[in-house]
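Letters A, B, ... mirror the listed sequences (proteins, then strands); counts begin at 1.
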Amino acid sequence: MTLALREPLIFDYSRRGRGARGQWPSVPAGSALDTIPAALRRSRRPLLPEVSELDAVRHYTRLSQLNFSIDTHFYPLGSCTMKYNPRACNAAALLPEFLGRHPLAPVEHGQGFLACLYELQEMLKAVTGMRAVALSPLAGAHGEFAGVAMIRAYHRARGDLARDEIIVPQAAHGTNPATATMCGCVAREVAVAPDGDADLAALRAAVGPKTAGIMLTNPSTLGVFERRIEEVAAIVHQAGGLLYYDGANLNAILGKVRPGDMGFDVIHMNLHKTFSTPHGGGGPGAGAVGVSARLQPFLPLPIVAREDSGSERAADGRQPQYRWLDERDLPQSIGRLTTFGGNAGVLLRAYVYMRMLGREGMRRVGEYASLNANYLSAQLQRAGFEAAYPARRASHEFILTLKQLQQQYGVSAMDVAKRLLDLGFHAPTTYFPQLIAECLLIEPTETESKQTLDAFVQAMAQILGEAQADPGQLHGAPHTLPVRRLDDVRAARELNLVYQQAAPGQQAAPG
Amino acid sequence: MSEIPPELKYTRSHEWLKTLPDGMVEIGISDHAQQTLGDLVFVELPEPGRSLAAGEACAVVESVKAASDIYAPIAATVVAVNAQLAETPELINQDPYGRGWIMRLKPSAAAAEAGLLSAQDYQLLAAQG
Amino acid sequence: MPFIPHTEEDEREMLAAIGAPDIEALFDEIPPQLRVQSLDELPVGLTEFEVMQLMYARARQDGRALCFIGAGAYEHHIPAAVWSTITRGEFYSAYTPYQAEASQGTLQSIYEYQSMMASLTGMQVSNASLYDGATAVAEACLMAVRANRRAKAARILLPRSLHPHYRAVTLTAALNQGLQFETLAYARDGGHVSLEALAAHAAQDFTALVIQQPNFFGVLEDVDALTDWAHAREALVIAVVNPISLALLKPPGEWGAKGADIVVGDGQPLGCPLSSGGPYFGFMTTRMQHVRQMPGRIVGGTVDVDGRPGFSLTLQAREQHIRRAKATSNICTNQGLLMMAGTLYLSLMGAEGLARVAATSMARTEELLRALTAISGVRRIFDQPGFHEAVLSLDRPVAPVLAALAARGIQGGLDLSAYYPELGAALLVCATETKSSADIDAYARALSETLRPARAA
């Protein structure tokens, strides 16, 4: 008997002539086709599902039940900040007046919405210590692009065209060097010292007249605070370069340290990490950028401005007028990065989140994220696991290395990750940063309780026991999920990217 | 332990080079390299006729976890590529020095084999991991 | 504090386990001069009730107007089942499906989405979505340069009738990567790209021609002629399309003799609310031969160790987290939730529903144009057939007219004078299936009164 998908494809539910008729406009297409020149008309129907509304709802509901998510599982993915996504944020963003507003609607019809965005800009400035913020980048990597593009624009504006090198630590996330390339720069890697901090000697050797800037995150991808950050900033600034802050790890220091105070000239924030907008299975994100004064002229457009700045109401009692800044206001802007103003719905969710947190709440994010990470690290080490930097404080995340397990029992980080799935936990990040062998990068976030953390430690201890007694159990994991370990090699060698009936030449008969 | 045939030459970037009787050279990647990459899923090959500088990236081998450039060990012109790799990239994993050959080059007049490693030197390099 | 569960007892026990006296000690590696002194610039936190009251007030302040603006974002009815399903926690709060075995729901949905988009556009393969239409066009241009080995110059032809924001974003994205752009004029009477405009570029070596169908003016292009012209010059064709229009229009895979090479666009019309401009999703489809040059995530079918079919991310070696500096793009996200909205929408509407939405929108736009051009001072500019948008010229500046309409709760369209000064006082209007005859009457009456001098009170 051949095995089948747990839940068939939507196409398997299709029957000719079936459809969710309650959703269709009442008049058939017929007459409209006459106004389309014959040569431009579609002759063969696209292969789209022909299912009832119930079948569609049932199918996707059952698919959702095959997923792990924050709402269902502890999800300690390092560098991803899988904290609880408050539902109030969703409820507010889906209010019909916000939902139904066209991006090009007049600003008079959007003062409420623009007030939220303006205040979001102001709050992000305050919590990061930056001079100005732009909200349009659509994801962290998009914000990175904006940041590096601004650095290039800054040097060009000064007539310094030789600066095309971006320094990137060896342990950096792959987006960093990829972004450098996208901006026409060359990524230059520098080593990290054994204690996890930057290697200052290596850095001094790497900077020079070709240095456009350095991309860093603090705490670093190794899960530890870059203690010599002020020296790093001085070295790079003295060489004429600028400092870029990758905000992926902002959760560790939210309310405790500000990137602006550390000397960073430009930062991107991941609103879908630190500010708890939903990950949605892979998006949408929002990668707001913040800058110091010297990069302010180059910010991407559009940005929200307030006409009566400083006071809530003008002298004549009128409410403040919010409007969009454009190319006339910011002639040196790197330009537009998005079709419209950015992921507005995501920005509203981040706004509501920050309003609920308030000043005390922001501070507690950094505090409890660090408490949870340090506690988990201590308990896991007690249970027999090896921390990569045992002498350092954990930030909001920490690294375990399983290289001993590999050497002694032949059990890899991948095996441990897959077995955790069986035990009801989403695995931590594996094999990143690439510097540490067989690593797990673990980030609990501040919204998890001690009970959850203790249960995780227990599961990890069980896995350690299994590694010693029965490694086969781990090599074969997961055992209890809808699918067992999937063959990645086959997925790449025998490409099956489209349901075959959907390929042209084999389309369904004309409708 | 990886296999390192003694009669071949090697590069720092893990390519091997065999001089053929007709003066052409054959290029592939070492056993150490294929082990590190894992199961190969795709190979991107250059067009025959293309001329290459020494050290120029000329092909890509892709596994699920990495995509690595292959660099021309010497200045040369591409005369043939192993068409079998399109359907069965795993030949490189199975037989990296034989059926997993990647391309054949005609050395440029001025090509020198200086800078290429002997099997012994390459063994030291590979052992460093 | 809102979402932090720790009790005092929890905190004590945890600090004891760590061996730290208090939470502040956990920050002792941070130089004291870097520590934040005060966050008083931030407002005090609000309860959920308080913040919802604030948001209700702000939403009420904005209200809802009657919207006749298109220009890349289109109001369509979204079945209630779309958002009720995708805001399930298992979709809403899931991460990128890197642990495939724990993400089969997301992965299979993406596979189904890829299949639908490939078929809709007449191409062989799709990625899992990109950020939005504009960035998708930019990525397509960069992809074309990678894929077109024959072209010597990284030169792209962009029609002037391409969405101005798509053009702006493409220029910004490509600025530092050595791409050059040339602009193709549109015919003054038809609003389409004419063969005469192409002739000016006939001798150039270029990598790709971008064709938007319908174009920004809503006008239908002669896509077969344009596609064949580009292919004859060994250039690639990048098609930029409205997905709803593909229910009725020939898909790019069938343009000309050989079909377009890369297809992109904005998926917003498929189940994504207007929401002041985002989040939307960009889509990209292409031919199998270019699949390795395509940015973004891709899902593939495979089997597990027992031989059971399943899905995982594939071709990841091209992506940033592996290839790093040589990645096809730095993109790290798709627009997961919105792509799901599109998938649900397409599943509920099917080909028949989509065709009716497209046709009804066209019919409504025709009705709107008839009603508005009946008013003295208003006329249609372009005489070529269109989809569900058109450009009108007014006998006076557009901005004050739109302001007067806005004061009456009507968003009359997009003022084109800043984007296309050569068109004079030009207004881009759009009506979708969401506009009733009563709505159209209301607009026509309001415009008529605005354009007519006021009678004596």
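- In this structure, chain C has heavy atoms under 4.5 Å from both the backbone and the side chain of A:Q23.
- With a 4.5 angstrom heavy-atom cutoff, C:I30 touches chain A via backbone and side-chain atoms both.
- C:L54 touches chain A through its side chain: at least one heavy atom from C-beta onward sits under 4.5 Å away, while N, CA, C and O do not.
- Looking at C:D224, only its side chain comes within 4.5 Å of chain A, counting heavy atoms on both sides.
- In this pair, C:Y131 and A:H142 present their aromatic rings tilted. The plane angle is within the 30 to 60° band.
- C:E112 places a side-chain N or O within 3.5 Å of a backbone atom of A:I10 that can act as its donor or acceptor partner.
- Side chains of C:F3 and A:L357 form a contact here, defined as non-hydrogen atoms less than 4.5 Å apart.
- Proximity to chain C is absent for every atom of A:C185, based on heavy atoms less than 4.5 angstrom apart.
- Using a 4.5 Å cut-off between heavy atoms, C:A57 does not touch chain A at all.
- The contact between C:S109 and chain A is made by backbone and side chain atoms together, counting heavy-atom distances below 4.5 Å.
- C:T85 touches chain A through its side chain: at least one heavy atom from C-beta onward sits under 4.5 Å away, while N, CA, C and O do not.
- With a threshold of 4.5 angstrom between heavy atoms, A:P478 approaches chain C through side-chain atoms but not through N, CA, C or O.
- With a threshold of 4.5 angstrom between heavy atoms, A:L421 approaches chain C through side-chain atoms but not through N, CA, C or O.
- Contacts of A:E448 with chain C are made by backbone atoms alone, with heavy-atom separations under 4.5 Å and no side-chain atom involved.
- Only the side chain of A:P37 comes within contact range of chain C, with heavy atoms under 4.5 Å apart.
- For A:F113, the parts sitting under 4.5 Å from any heavy atom of chain C are the backbone and the side chain alike.
- Using a 4.5 Å cut-off between heavy atoms, C:M14 contacts chain A through both its backbone and its side chain.
- For a residue to count as touching a neighbouring chain, one of its non-hydrogen atoms must lie under 4.5 Å from one of that chain's; by this rule A:P96 touches chain C with backbone and side chain alike.
- Proximity of A:H59 to C:Q108: side-chain heavy atoms (C-beta onward) are separated by under 4.5 Å at one or more points.
- Neither the backbone nor the side chain of C:F281 comes within contact range of chain A; no heavy atom of the residue lies under 4.5 Å from a heavy atom of that chain.
- Only the side chain of C:L354 comes within less than 4.5 Å of a heavy atom of chain A; its backbone N, CA, C and O stay farther away.
- Ring geometry, C:H6 versus A:Y368: the interplanar angle falls from 30° to 60°, so the pair is classed tilted.
- Interface residue A:T339: backbone and side-chain heavy atoms are both found under 4.5 Å from chain C.
- Neither the backbone nor the side chain of A:A93 has a heavy atom closer than 4.5 Å to any heavy atom of chain C.
- The greatest number of non-hydrogen atom pairs below 4.5 Å with chain A, out of C:A355, C:P79, C:P97, C:G310, is found for C:P79.
- The contact between C:S347 and chain A is made by backbone and side chain atoms together, counting heavy-atom distances below 4.5 Å.
- Of the two parts of C:M52, only the side chain, counted from C-beta on, holds a non-hydrogen atom closer than 4.5 Å to a non-hydrogen atom of chain A.
- Within the 4.5 angstrom heavy-atom criterion, only side-chain atoms of A:Q379, from C-beta onward, approach chain C.
- With a 4.5 angstrom heavy-atom cutoff, C:A363 does not touch chain A via any of its atoms.
- Neither the backbone nor the side chain of C:E75 comes within less than 4.5 Å of any heavy atom in chain A.
- The parts of C:V223 that come within reach of chain A are both its backbone and its side chain, each placing non-hydrogen atoms under 4.5 angstrom from that chain.
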